[in-house]
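Numbering starts at 1 and runs along the sequence shown.
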Amino acid sequence: MQIFKTSKARENILARVRNGLGEQPVPMPFPEAEGDNANQIYANSEVSPEETFANEFIKLGGKFVFCENEKELMEQINDLYDSRGWTSMLCAEERLLQLFQNNKINIVHTAAQPEKDADACITGCEMLIARTGSVLFSSRQFMGRTAPVFYPIHIIVAYANQITSDIDQGITFIKKHYKNGLPSMINLNTGPSRTADIEKTLVVGVHGPGEVFCFYVNA
């Protein structure tokens with residue numbers, strides 16, 4: 001067996017480094033990124049969080065649909081279903097599924113009985129992140145690991161009380177909402193799935209849905 005020897009000079013240098021690090025804590029390299037100054041990193045915008053999210057979401061290739069109320073939500077989704085000629089649409093939100101049934105709109109089925117050939121899947125979300133146009137999901141949602149990424153088209157339904165300005169506020173919400181234990185997965189989805197790994201050619205819909213809709217209910 002070959003034994004590698006370490007020079008005494010090298011050991012002395014490493015010992016001095018260790019002693020130096022132990023004497024005082026290493027200062028934070030960018031202290032302005034924490035604490036009260038954190039909100040000053042990004043300029044304040046006069047645009048509302050809803051408008052900011054819609055603009056950023058659309059820039060990323062998402063399709064944003066504003067709905068004044070849940071009745072309009074049902075009508076918009078029904079129109080989308082008809083215009084696309086879909087034959088199977090799933091819903092992972094029990095309350096939304098009940099809403100469709102109460103309005104006698106029989107175009108969705110429960111995602112509890114998954115269909116691998118379904119055209120689209122409807123889910124809720126934890127929060128909308130305005131600055132980045134992202135959507136926050138977690139494993140605590142029903143089928144939270146699979147429903148937002150498995151089907152070719154993802155339809156997100158969000159409400160006015162589910163939008164926040166930035167990612168840190170979204171994470172703070174998760175911590176407060178699940179104070180007895182964080183979800184095992186927290187996912188931040190930003191637009192349709194895409195990659196440019198192959199010859200730097202952008203391909204959409206590789207690792208997840210190729211189309212993402214966000215139906216925003218102003219209620």
Side-chain angles (χ1 to χ4, degrees), residues 42 45 47-70 72-86 88-93 96 99-100 107-108 111 118-139 141-171 173-174 185-197 201-219:
Y42 304 105
S45 173
V47 180
S48 68
E50 293 83 358
E51 290 178 89
T52 302
F53 174 82
N55 290 334
E56 297 302 319
F57 186 72
I58 291 168
K59 284 180 189 176
L60 294 162
K63 296 175 174 62
F64 184 85
V65 183
F66 181 90
C67 303
E68 194 60 55
N69 49 49
E70 288 184 330
E72 189 174 335
L73 168 70
M74 299 289 105
E75 293 171 353
Q76 294 272 21
I77 293 180
N78 191 38
D79 289 344
L80 177 64
Y81 180 89
D82 289 340
S83 66
R84 292 294 184 96
W86 291 341
S88 176
M89 184 163 59
L90 304 181
C91 182
E93 288 286 323
L96 289 174
L99 201 60
F100 277 104
I107 60 173
V108 295
D119 298 295
C121 185
I122 303 170
T123 76
C125 66
E126 297 285 7
M127 294 293 283
L128 302 179
I129 310 298
R131 185 179 65 81
T132 60
S134 305
V135 187
L136 195 63
F137 299 97
S138 84
S139 55
Q141 297 174 255
F142 179 64
M143 294 186 69
R145 292 180 181 273
T146 56
V149 297
F150 182 76
Y151 298 97
I153 297 175
H154 182 200
I155 297 173
I156 304 159
V157 175
Y159 291 81
N161 64 343
Q162 287 183 284
I163 191 160
T164 190
S165 297
D166 217 332
I167 297 171
D168 60 335
Q169 296 167 358
I171 298 301
F173 163 80
I174 292 285
M185 184 209 75
I186 300 172
N187 199 24
L188 197 67
N189 287 13
T190 307
S193 169
R194 67 191 68 202
T195 183
D197 292 342
T201 301
L202 181 64
V203 181
V204 178
V206 176
H207 308 296
E211 274 189 287
V212 179
F213 288 83
C214 179
F215 284 80
Y216 179 84
V217 184
N218 190 33

TODO: Answer yes or no: is there a side-chain heavy-atom contact under 4.5 Å between L128 and Y216?
DONE: yes
TODO: Please name the residue in the list I174, V135, L188 that meets the side chain to side chain contact (heavy atoms under 4.5 Å, CB included) test with E126.
DONE: I174
TODO: Only counting residues at least two apart or in another chain, list the ones meeting side-chain hydrogen bond (donor to acceptor under 3.5 Å, both in side chains) with E70.
DONE: R95, Y159
TODO: Using the test ring pair (Phe, Tyr, Trp, His ring centres under 6.0 Å), find all partners of F137 that sit at least two apart in sequence or belong to another chain.
DONE: H154
Task: Atom pair CD1/CG of I171 and D166 - distance to nearest 0.5 Å - done: 10.5 Å
Task: M89 vs R84 side-chain heavy atoms within contact, under 4.5 Å - done: no
Open item on the list: Going by ring pair (Phe, Tyr, Trp, His ring centres under 6.0 Å), name the residues that satisfy it together with F142, two or more places apart in sequence or in a different chain.
Closed with: none
Task: Counterpart residues, side-chain hydrogen bond (donor to acceptor under 3.5 Å, both in side chains), relative to T164 (two or more places apart) - done: Q169
Open item on the list: Distance check, rounded to the nearest 0.5 Å: S134 atom OG versus N189 atom CG?
Closed with: 8.5 Å
TODO: Applying ring pair (Phe, Tyr, Trp, His ring centres under 6.0 Å), name anything that partners F215, two or more places apart in sequence or on another chain.
DONE: none
Task: T123 side chain near M143 side chain, heavy-atom distance below 4.5 Å - done: no
Open item on the list: Return the CD1 to CZ distance between I129 and F57, rounded to the nearest 0.5 Å.
Closed with: 13.0 Å
Task: Pairwise side-chain contact, E93 with C91, heavy-atom cut-off 4.5 Å (strictly under) - done: yes
TODO: Using the test side chain to side chain contact (heavy atoms under 4.5 Å, CB included), find all partners of N78 that sit at least two apart in sequence or belong to another chain.
DONE: D82, I105, I107
Task: Heavy-atom check, side chain of S88 versus side chain of D119, under 4.5 Å - done: yes
